[in-house]
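Data first, discussion second: the structure below is written as structure tokens.
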Amino acid sequence: MLKKKIVFLLGPTGIGKSAVAISLAKKINAEIISCDSMQVYRKMNILTSKVSGEQRRKIKHHLLSSIDPSQEYNVAQYRQEALSICDKLFRKLKIPLFVGGTGLYYSTIVDGLFPAVPQDKLIRAKLEKQLKQKGNKYLYRRLSKLDADAAKKIHPNDARRIIRALEVYLKTGTRISELQKKRVGLDQQYEVNIFGLNSDRQILYNIINQRVDRMFALGLIGEVKRLLKCKLSQTAQCAIGIRELKGYFSGQYSLAEAKRLMQRNSRHYAKRQLTWFKKDKRIKWININKKVSPAQIATKLWKKLS
RNA sequence: GCCGAGAUAGCUCAGUGGUAGAGCGCGGCCCUGAAAAGGCCGGCGUGGGGGGUCCGAUUCCCUCUCUCGGCA
């Protein structure tokens, strides 16, 4: 029996995934599942460079603008929702086309998520308190005693991961390093095709800088002001542009500085994305240094699929 | 033309008679329930050109070139 097909389109921020995806989706009878930790949020349209409503009407986009910015969100929730959408699409004989740049979300779809516990507010609050009072060295030593294997993989300064590892152990009595071995990926049941879009660094950086300029021209300031009127979730707050503009609103620095910071942080983000994707040898890369239309790239991808 | 200041990492600059740092930028990497987050690592650079003093000069002296400021 022929395996069901799943397609991924990955790449750094600004590279032009969205337009290519829509074009490709039409050719292969696919619907798009966004793989982006920030575009899931409503009311963050300019900020996250979401595709327009008009384009969304042409091809159905899932997990895009699906939750309110006041809500917390995380990988586990994403994975569950995304996989359930996948099933629905298969039943409609459609191909799921995952598009986005959030490496972690992508990896939990393709390679699975090990069975763990959700975050526990109480345990976390306690650990955060200890972190503040006794420092990260203390927490790290504690982890070394409880789960030496996990500690070996985590840097002593990486408080976030130390806390998570401790949390899992304290809650379940099982070491996170044990749980991490239990992952189930997609490869067995599906035909997985993974594409990556990339270009020379300098070209990418120019695109990113220009994109930030365009955000301001489109009314970014108004959008962020509106967002800040409500209480944003910890996750939504992390979108590049929120922190940077807050500094400007509170008079810490000029608008030009806020823009500069947004551009820089976006460039750094793109670099981290590439580091994540580059080591995944399953990705087939398409370089788009020369000016080519999204449709042309989509055609290229379509040929590689059939 | 004269006077003064300067010429050191991609940028802004610090410092020293025994061949050099700091911030920013940039590059590389890690990553499993906050991931657009969080964390780690990385500086041999013809010290503007030439000459001199010295065991030794980026550091002192001379000269040339260039840049900036002031006076004409």
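Sequence lines set the chain letters: A, B, ... in the order given, protein chains first and strands last, and positions in each chain run from 1.
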> Does a side-chain N or O from A:Lys171 land closer than 4.0 Å to OP1 or OP2 of B:rG33, or not?
Replying inline: no
>> Within the 4.0 Å heavy-atom criterion, would you say A:Arg124 contacts the bases, only the backbone, or no part of the nucleic acid?
In response: base
> What nucleic acid atoms does A:Tyr73 come within less than 4.0 Å of, heavy atoms only: base, sugar-phosphate, or nothing?
Replying inline: sugar-phosphate
>> For the C1' atoms, the ones on B:rU65 and on B:rG50, what distance do you get once it is rounded to whole angstrom?
In response: 11 Å
> Is the distance between the ring centroids of A:Phe8 and A:Tyr106 under 6.0 Å?
Replying inline: yes
> If we take the C1' atom in both B:rU19 and B:rG28, what is their distance in whole Å?
Replying inline: 28 Å
> Can you tell me if A:Glu81 and A:Tyr73 form a side-chain donor-acceptor pair at under 3.5 Å?
Replying inline: yes
> When you measure from the side chain of A:Met38, which nucleotide among B:rC30, B:rG25, B:rA35 comes out closest?
Replying inline: B:rA35
> Quick one: the side chain of A:Arg161 and the base of B:rG38, do they pair up donor-acceptor inside 3.5 Å?
Replying inline: yes
> Across the strands shown, which category fits A:Lys278 at heavy-atom distances under 4.0 angstrom: base, sugar-phosphate, nothing?
Replying inline: sugar-phosphate
> What does A:Ser107 touch in the nucleic acid at a heavy-atom separation under 4.0 angstrom: a base, only the sugar-phosphate, or nothing?
Replying inline: nothing
>> Measuring only the C1' atom in each nucleotide, how far is B:rU46 from B:rA20? A whole number of Å is fine.
In response: 15 Å
> Can you tell me how far C1' in B:rA14 sits from the matching atom in B:rG43, rounded to whole Å?
Replying inline: 15 Å
> So, is A:Tyr269 close to the B:rG38 phosphate, meaning a side-chain N or O under 4.0 Å from OP1 or OP2?
Replying inline: no
> Which one is paired to B:rC13, where only Watson-Crick or G-U wobble pairs with both distances under 3.5 angstrom count?
Replying inline: B:rG21
>> If I take atom OH in residue A:Tyr105 and atom P in nucleotide B:rC31, what distance separates them, rounded to the nearest angstrom?
In response: 18 Å
> Base, sugar-phosphate, or nothing: which does A:Asn265 touch, judged by heavy atoms less than 4.0 Å apart?
Replying inline: nothing
> Just by distance, do the side chain of A:Lys284 and the backbone of A:Gly196 share a donor-acceptor pair under 3.5 Å?
Replying inline: no
> Using the P atom in both, what is the distance from B:rU8 to B:rG45, to the nearest Å?
Replying inline: 16 Å
> Should A:Arg272 be listed as having a side-chain N or O under 4.0 Å from OP1 or OP2 of B:rA35?
Replying inline: no
>> For a quick check of understanding: with a heavy-atom distance under 4.0 Å over all strands, which category does A:Thr102 fall into, base, sugar-phosphate or nothing?
In response: sugar-phosphate
> Want to settle it: does A:Lys279 or A:Arg201 sit nearer the 5' end of RNA chain B, counting the closest nucleotide to each?
Replying inline: A:Arg201
>> Using the C1' atom as the point on both nucleotides, what is the distance between B:rG23 and B:rC2, in whole Å?
In response: 38 Å
> If you measure from the P atom in B:rG17 to the same atom in B:rC61, how many Å do you get, rounded?
Replying inline: 13 Å
> For A:Glu128, which contact category applies under a 4.0 Å heavy-atom criterion: base, sugar-phosphate, or nothing?
Replying inline: base
> Does A:Asn157 place a side-chain N or O at less than 4.0 Å from the phosphate oxygens OP1/OP2 of B:rC40?
Replying inline: yes
>> Applying a 4.0 Å non-hydrogen cut-off, can you work out what A:Leu47 is touching in the nucleic acid: base, sugar-phosphate, or nothing?
In response: base
> Nearest to the side chain of A:Arg264, which nucleotide is it out of B:rC24, B:rG33, B:rA35?
Replying inline: B:rC24
> Taking the same atom, P, in B:rG27 and in B:rG4, what whole-Å distance lies between them?
Replying inline: 44 Å
>> What is the separation between atom OH on A:Tyr106 and atom C1' on B:rA35, rounded to the nearest whole Å?
In response: 16 Å
> Under a 3.5 Å cut-off for both distances, is B:rC60 Watson-Crick or wobble paired, and to whom?
Replying inline: B:rG52
>> From C-beta outward on A:Pro118, which listed nucleotide comes closest to its side chain: B:rA35, B:rG33, B:rC30?
In response: B:rG33
> With respect to the side chain of A:His155, which nucleotide from B:rG39, B:rA35, B:rG25 is positioned closest?
Replying inline: B:rG39
> For A:Leu274 and B:rC30, what is the distance between atoms CG and P respectively, to the nearest whole Å?
Replying inline: 13 Å
> Expressed in angstrom and rounded to an integer, what is the separation of A:Ile163 atom CD1 from B:rC31 atom P?
Replying inline: 20 Å
>> Could you tell me the Watson-Crick or G-U partner of B:rC31, where both distances fall under 3.5 Å? Say none if there is no partner.
In response: none
>> Distance check needed: B:rC26 C1' versus A:Leu204 CG, whole Å only.
In response: 15 Å
>> Run A:Glu257 and A:Arg260 through salt bridge (Lys or Arg N to Asp or Glu O under 4.0 Å) and show every step you take.
In response: CA-CA 5 Å; A:Glu257 176 65 3; A:Arg260 206 204 103 236; 2.7 Å; yes
>> With a 4.0 Å limit, can you tell me whether A:Arg164 has a side-chain N or O closer than that to the phosphate oxygens OP1/OP2 of B:rG39?
In response: no
> Base, sugar-phosphate, or nothing for A:Gln80, non-hydrogen atoms under 4.0 angstrom?
Replying inline: nothing
>> Under 3.5 Å for both donor-acceptor distances, Watson-Crick or wobble: does B:rG69 have a partner, and if so which one?
In response: B:rC3
>> Less than 4.0 angstrom from a charged side-chain N to a carboxylate O is my criterion; do A:Asp111 and A:Arg282 meet it?
In response: yes
>> From C-beta outward on A:Arg267, which listed nucleotide comes closest to its side chain: B:rC30, B:rG33, B:rC26?
In response: B:rC26
>> Is the phosphate of B:rC26 approached by A:His268 (side-chain N or O, under 4.0 Å from OP1 or OP2)?
In response: yes
>> Given B:rA35, B:rG33, B:rG27, identify the nucleotide with an atom nearest to the side chain of A:Tyr205.
In response: B:rG27
>> Both A:Ser49 and A:Arg260 contact RNA chain B. Taking the nearest nucleotide for each, which residue is further toward the 5' end?
In response: A:Arg260
>> I'd like to check A:Ile32 versus A:Phe98 (side-chain heavy atoms, cut-off strictly below 4.5 Å). Are they in contact?
In response: no
> To the nearest angstrom, how far is A:Lys271 atom NZ from B:rG25 atom C1'?
Replying inline: 13 Å
>> Please report the distance, rounded to the nearest Å, between CZ in A:Phe277 and C1' in B:rA35.
In response: 11 Å
> Between B:rC30 atom C1' and A:Gln180 atom CD, what is the distance in whole Å?
Replying inline: 13 Å
>> For A:Phe216, does the six-membered ring have the charged nitrogen or CZ of A:Lys259 within the cation-pi criterion, i.e. under 6.0 angstrom from the centroid and within 45° of the normal?
In response: yes
> When rounded to the nearest 0.5 angstrom, what distance separates CZ in A:Arg243 from CD in A:Gln237?
Replying inline: 9.0 Å
> Looking only at heavy atoms, which two atoms of A:Met215 and A:Ser49 are closest? And how far apart?
Replying inline: CE-OG, 3.5 Å
